[in-house]
Amino acid sequence: MKKLLLTGFEPFLSFPVNPTMQLVEKLDGTVIGDYKICGKILSVNFNASGEELLNYIEKETPDAVLSLGLAGGRYKMTPERVALNVKDGEPDNEGHQPMDETIELEGPPAYFSTLPIRKMVNRLSDAGLPAALSNSAGTYLCNNVMYAGLHWAAHHRPDMPSGFLHIPASFELAMQHGKIPGWSLDELLKGVTICIQTLSDEN
Ligand code: PCA
């Protein structure tokens, strides 16, 4: 059986819960398609999260990596197309706020996702779940982790599919926040499962 490293994030900024954390905890140890899921939670910390991901990859030696992030305010499930070599944005959970910085000094300006992102969007849509490709993972922690994974894979395991899926808020978070749309946790779970199944079918 193959192994998929599935990551989520802890709560951050104005989001007191992070549904990616709940989904990863639910899916850890389960099997989807050909993949046994190994779930891990990353910190919202510019100086640590990339390193955390790479440590998990080196320790768990997964066959594929899918990282999840909350995109509070988005209505759709959005596989990300590209990760930029940029750190910039709101403060992280340690209060660190980089501006216009590069993630990897010698790295390329960007990496494309190596996940079957178009097929994921099609399969999500066929299942009645709102979905679209996203052309920007932003320049905050999600982009940081996506870039770190793709940079590592480009140098060590170019055959290992790696990439990022942004998800909308859960009902629970939407109710607490008050200004963003939310999906039920079951529908979020269904969407993530479809994306992993699509990846399994492709490999
Ligand atoms: N979403 C943030 C960081 C953590 C998360 O779940 C982002 O989109 O960068």
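Order of listing sets the numbers, starting from 1, for every ligand and every atom in it. Being a predicted model, the structure only gives us computed values, none of them experimental.
Of all protein heavy atoms, the one closest to atom 5 (C) of ligand 1 is F12 CE2, 3.2 Å. The single protein non-hydrogen atom nearest to atom 2 (C) of ligand 1 is C142 SG, 3.1 Å, given as residue, atom name and distance.
Residues F164 and V192 are members of separate hydrophobic clusters, defined by side-chain heavy-atom contacts under 4.5 angstrom among Ile, Leu, Val, Met, Phe, Trp and Tyr.
Between the side chain of E94 and the backbone N or O of N45, no donor-acceptor pair lies under 3.5 Å.
Here side chain to side chain donor-acceptor pair (under 3.5 Å) pairs that include residues 21-31, with residues two or more places apart or in two chains, are Q22-E172. Within the structure, the side chain to side chain donor-acceptor pair (under 3.5 Å) test picks out the following pairs touching residues 137-159 (sequence neighbours left out): S49-N144, E58-W152, N85-Y147, Y111-H151, W152-H156, R157-D159.
When L70, T7, L141, I167 are ranked by how near their heavy atoms come to atom 6 (O) of ligand 1, first place goes to L70.
Near H166, meaning under 4.0 Å from any of its heavy atoms, are these atoms of ligand 1: 7 (C), 8 (O). Contact atoms of ligand 1 toward G69: 6 (O) (distance under 4.0 Å to a heavy atom of the residue).
Under 4.0 Å from ligand 1, the heavy atoms of N18 that appear belong solely to its side chain.
Distance SG/C142 to CG/L68: 9.5 Å, rounded to 0.5 Å.
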